[in-house]
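To keep things clear, I will list the structure first and then write my remarks on it.
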There are 4 protein chains.
Amino acid sequence: MAGERVQPATLSRSEAALVASEGKAPRTERGRKTLRAILDAAAIEFGEKGFHEGSISGITRRAGVALGSFYTYFDSKDAVFRALVRDMSDQVRDHVAPAIRAAPDQIAAERAGLSEFIAFVRGHKEIYRIIDEAEFVDPESFRLHYATTADRIAARLKAGAARGEIRADISDVHAWAIMGMNVFLGLRYGVWQDDVSPEAVADSIAEMLARGIGTK
Amino acid sequence: MAGERVQPATLSRSEAALVASEGKAPRTERGRKTLRAILDAAAIEFGEKGFHEGSISGITRRAGVALGSFYTYFDSKDAVFRALVRDMSDQVRDHVAPAIRAAPDQIAAERAGLSEFIAFVRGHKEIYRIIDEAEFVDPESFRLHYATTADRIAARLKAGAARGEIRADISDVHAWAIMGMNVFLGLRYGVWQDDVSPEAVADSIAEMLARGIGTK
Amino acid sequence: MAGERVQPATLSRSEAALVASEGKAPRTERGRKTLRAILDAAAIEFGEKGFHEGSISGITRRAGVALGSFYTYFDSKDAVFRALVRDMSDQVRDHVAPAIRAAPDQIAAERAGLSEFIAFVRGHKEIYRIIDEAEFVDPESFRLHYATTADRIAARLKAGAARGEIRADISDVHAWAIMGMNVFLGLRYGVWQDDVSPEAVADSIAEMLARGIGTK
Amino acid sequence: MAGERVQPATLSRSEAALVASEGKAPRTERGRKTLRAILDAAAIEFGEKGFHEGSISGITRRAGVALGSFYTYFDSKDAVFRALVRDMSDQVRDHVAPAIRAAPDQIAAERAGLSEFIAFVRGHKEIYRIIDEAEFVDPESFRLHYATTADRIAARLKAGAARGEIRADISDVHAWAIMGMNVFLGLRYGVWQDDVSPEAVADSIAEMLARGIGTK
DNA sequence: AATGAATGAGAATTCATTCAT
DNA sequence: GATGAATGAATTCTCATTCAT
């Protein structure tokens, strides 16, 4: 988990925006690289040690830059963390979205979403430490992440209902339930153990959902 | 959330055991009261501020005892936290168990369990901060709590299946899914907002489960 | 070193005096035993851990009495330590004196003194930790111990000179030199290693002294 | 004693090595100065108050730097102390060595060594507090200091014996004896009182040694 | 932009000593 | 006399942040 590259080596548009929102966009190519190095290092540091145990000096050491350079790009420890949470949140969404869109119907979409999610998590185990710790470090990000995710699911279900693939009486409650299932299944079968394949897990759940909220 | 009594005013047997496991059981009545005060104060302090922002001096101030008295009963900040996690975990279980046992069938049991859980959480909002933060402070407790809870659910489902109330093909995956649903529904409808009643939430889910894993 | 009884099980006259000088002589038999237990425990505790690392609670735990009981017999941590230093100092003197007195001449006396000293130290290794630490804890005791010891040696040498066994030009300088030799030889061949017997060490030194300050 | 300069104002090679061994060598000139100031201040603080009574804040106050700066250069209170013991130990050796080397024969060398030692000690009275307290704070340094010193003396005596200036039957025992004499004579005539000149003390001892272990 | 030294507020922890029972 | 809980001053160590070079 620790060693893996968490993000591409250059800043994408949305990442630049994200960083800019914390106030300090790099102007030169050299600066861009330093920022990238710091961001990657922060994901590793916080993923390994958590926010409170992780340190700025740990980040800069990993990034191979001087301590002071950190403050060229971020205003505070909280700021990198916030940027990271948003970044991770976006990554999950971006990674899972295509499979969901490609699914033939809504139940299949949920199966694909869960399966992809678990698979993604296996390659990014730090994601739980980072997003969950936001509950304590930056509750706003935490709420935003889950509220947004639940909304997305609710919207999907609604659309599925409109298409007649999902029972009409589903609601936000179901969206939150599905999100909760996914999160814990990701923790259990993605982060903690991989004794069951993502597909097998997703199949079980999809079957339950098909009967539970599907229209047959 | 902060002001509520989290535990009874005397140490029950299991609480005594719990504390003793951290090493320093009181030998006099006076000591018993002080320990109780510290434990209650710790639940409030950590519930309000979280583990890292909470302080020993905050705990002893709330408990109305001297700073040093804390160390008469606990070896460290981590130690109270561990004791607290275990305590909260036990409380949830103890609170929810009777309703589950009293239910006529397995689906009704899950409904009752969720409903009670949300209701309990509304009166103990600090429970999320404490148990979830264990992921970072004392991962072992965290794992233990969720692994134990999932096992308990799995055992219930298995028993239900044996009685023919639950489909035979359910597995641990379903137990983790149900736990995840419950946790997030508790967060959304217990801690964050109470725009929907626990019963209504539980009804929706129970219906889905009845179709999804029930035998009709 | 730790387990050995450092003093007899009852208080001798001088010990009683010594303790009384710290202010709190026991009145009952029960009290006498408790005091004895505390004194023994203190020698072990300080011998093992040193003054600063040693603790009152460590002493009372070893003595098998309650923490508070310590203050029934001593006014402070310093007070036991002072009592102990004086006690150890007296013990060395009392142990070594007979052999010195019994020696046929002054050089033989020095040999006997050194030999006995090393032997004694082997059975009471804590003596160095306690007496030497007095330099930092209670400098007065430390000075007193060494000044007294040096004086005693000087007096012996003078008497020897008067009897014609020792050169007439010896002085305090020689007394301090002899004491220094003895102390370091005790440390090296008594406490640290016992690869050479006390007698062999004493023989070497006696020979040197015979030529160096003896009259042949 | 407290105010005297204990070490030169810049870091010598060996000092740099010594400090580096504790892990944090300065990289800039400014850093070098700060480290020097801390080291000097520590010698004064510990010399005056001893290790346990001395405090980090006392050191940084004397050094005129912020409390935290201490930790830029040392990992702990123990670490400075260790560095200091090693430093003092080296200083004594370096100070005394030239006089020993310049002496015409081995007995003269011992006289010169003792004389210089006492003189040095008069100007660095803190040396005893620091080296002796190592027995309790960092026994390894303590052992090392004395074992090394004794070895050095033994080697000198052996060389003297090879040249026929010293009797052939001298051994480690004599080396330890001589070291012990020197240490206590330094304490008595260097630190405690200066009623006898270093030369006079050294003359007395040299005469004793000439007869005792010399070949005439 | 980069560097790394300096800063100091903040918190956990220890333990001698007191005292009510 | 004995007990052990309570007290709180004192200290070490951490680390985010600032700033001079």
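By convention in this document, chain letters (A, B, ...) are assigned in the order of the sequence lines, proteins followed by strands, and residues within each chain are numbered from 1.
- Nucleic acid contact for B/Ser69: base, since at least one base atom lies under 4.0 Å from a heavy atom of the residue.
- The nearest whole Å value for the distance from the CZ atom in C/Phe74 to the P atom in F/dG1 is 14 Å.
- Relative ring orientation between A/His52 and B/His52 is described as parallel, the plane-to-plane angle staying below 30° on a 0-90° scale split at 30° and 60°.
- Across every non-hydrogen atom of C/Ile59 and C/Ala41, the tightest pair is O-CB, 3.4 Å.
- For the pair B/Arg86 (side chain) and B/Ser141 (backbone), a donor-acceptor distance under 3.5 Å is absent.
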Between the protein and nucleotides 9-13 of chain F, are there any N/O to N/O pairs under 3.5 Å, and if so, what are the atom names and distances?
from: F/dT12; atom 1: OP1; to: D/Lys77; atom 2: NZ; distance (Å): 3.3
from: F/dT12; atom 1: OP2; to: D/Ile56; atom 2: N; distance (Å): 3.4
from: F/dC13; atom 1: OP2; to: D/Tyr71; atom 2: OH; distance (Å): 3.1
from: F/dC13; atom 1: OP2; to: D/Lys77; atom 2: N; distance (Å): 3.0

#### Entry: A/Phe46 vs A/Lys77, side chain to side chain contact (heavy atoms under 4.5 Å, CB included): CA-CA, chis, key distance, verdict
CA-CA 11 Å; A/Phe46 290 140; A/Lys77 192 183 181 186; 4.1 Å; yes
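- Along DNA chain F, the nucleotide nearest to D/Arg30 and the one nearest to B/Arg30 differ in position, and the one closer to the 5' end is contacted by B/Arg30.
- Taking atom CZ on D/Arg36 and atom P on E/dA5, their separation rounds to 17 Å, with Å as the unit.
- Distance CZ (D/Arg32) to P (E/dG4): 13 Å, rounded to an integer number of Å.
- With rounding to whole Å, A/Glu45 atom CD is found 13 Å from F/dA16 atom C1'.
- The nearest pair of heavy atoms linking A/Thr28 to A/Gly31 is OG1-N, 3.0 Å.
- Atom CZ in C/Arg61 sits roughly 18 Å away from atom C1' in F/dA2 (whole-Å rounding).
- Going from atom CZ of D/Arg27 over to atom P of E/dA6 covers 13 Å, rounded to whole Å.
- Here the side chain of A/Glu45 pairs a donor or acceptor atom with the backbone of A/Ser55 at under 3.5 angstrom.
- Look at NZ on C/Lys49: it is 13 Å from C1' on E/dT14, rounded to the nearest Å.
- The minimum heavy-atom distance linking B/Val80 with B/Ala42 is given by the pair CG1-CB, 4.0 Å.
- Look at B/Tyr73 and you'll find a side-chain N or O under 4.0 angstrom from OP1 or OP2 of F/dA6.
- Between B/Arg129 and B/Glu53 no salt bridge is recorded (no basic side-chain N to carboxylate O distance below 4.0 Å).
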### Query
Could you write out DNA chain E as a dot-bracket string, with dots for unpaired bases, | for bases paired across to another strand, and Watson-Crick or G-U pairs counted at under 3.5 Å?
.||||||||||||||||||||
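- Whole-Å rounding puts the B/Ile38 CD1 to F/dA5 C1' distance at 11 Å.
- Residues D/Thr34 and A/Ala66 each lie close to DNA chain E; by heavy-atom proximity, the contact nearer the 5' end of the strand is made by A/Ala66.
- The two residues A/Phe142 and A/Ile131 make their nearest non-hydrogen contact at CD1-O, 3.4 Å.
- Between A/Thr28 and E/dA1 there is a side-chain N or O to OP1 or OP2 distance below 4.0 Å.
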